[in-house]
Amino acid sequence: MPIIVNLDVMLARRKMTLSQLSEQVDVTIANLSVLKTNKAKAVRFSTLEAICKALDCQPGDILEYMGEGE
C-alpha cells in the first residue's frame with residue numbers, strides 16, 4: 001500500500017502509549033491498532049484531526065506517501 005501510517009513513530013516521539021491516545025481521542029484501541037499496523041483502508045478526517053490534536057502534530061507527520069518502487 002503506498003500510504004504508510006507512522007502512528008507508532010509519533011507515539012514514541014510523544015512518549016505516549018496507544019491506550020493513552022485511545023482515551024484522548026475516544027477511539028478504541030483495536031481501531032487505532034488497525035491504523036497503526038497499516039491495515040486500515042480509510043481514516044475519517046475527524047479521527048485524523050483528533051489524533052493530530054492529541055499528538056500535537058500535522059497529518060503529514062502521521063501519513064506518508066510511498067511510491068511503488070520505493
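Follow the hydrophobic side-chain contacts under 4.5 Å out from Val9 and you never reach Val34; the two are in separate clusters.
Here the shortest heavy-atom pairing between Cys52 and Pro59 reads SG-N, 3.5 Å. Nearest heavy atoms, Leu7 versus Leu32: CD2-O, 4.1 Å. Shortest non-hydrogen contact noted between Ala50 and Val25 is O-CG1, 3.3 Å.
Residues satisfying the side chain to side chain donor-acceptor pair (under 3.5 Å) criterion with Asp8, sequence neighbours excluded, are absent altogether. With sequence neighbours left out, Glu23 forms a side chain to side chain donor-acceptor pair (under 3.5 Å) with no residue at all. Under the rule for a side chain to side chain donor-acceptor pair (under 3.5 Å), the partners of Thr28 that lie at least two apart in sequence or sit in another chain are Asn31. Every residue meeting the side chain to side chain contact (heavy atoms under 4.5 Å, CB included) condition with Thr47, not counting sequence neighbours, appears here in chain and number order: Val27, Val43, Arg44, Ile51.
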Tell me which donor-acceptor pairs under 3.5 Å the side chains of residues 10-19 have, and how far apart each pair is, sequence neighbours excluded?
from  : atom 1 : to    : atom 2 : distance (Å)
Arg14 : NE     : Leu55 : O      : 2.5
Arg14 : NH2    : Leu55 : O      : 3.3
Arg14 : NH2    : Asp56 : O      : 2.8
Thr17 : OG1    : Ser19 : OG     : 3.1
Thr17 : OG1    : Gln20 : N      : 3.1
Thr17 : OG1    : Gln20 : OE1    : 3.4

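With a 6.0 Å radius and a threshold of 12 heavy atoms from other residues, nucleotides or ligands, Gln24 has its CD atom above the threshold.
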I would like to know whether Leu63 and Asn6 meet side chain to side chain contact (heavy atoms under 4.5 Å, CB included); could you show each step before the answer?
CA-CA 6 Å; Leu63 302 175; Asn6 293 314; over 6 Å; no

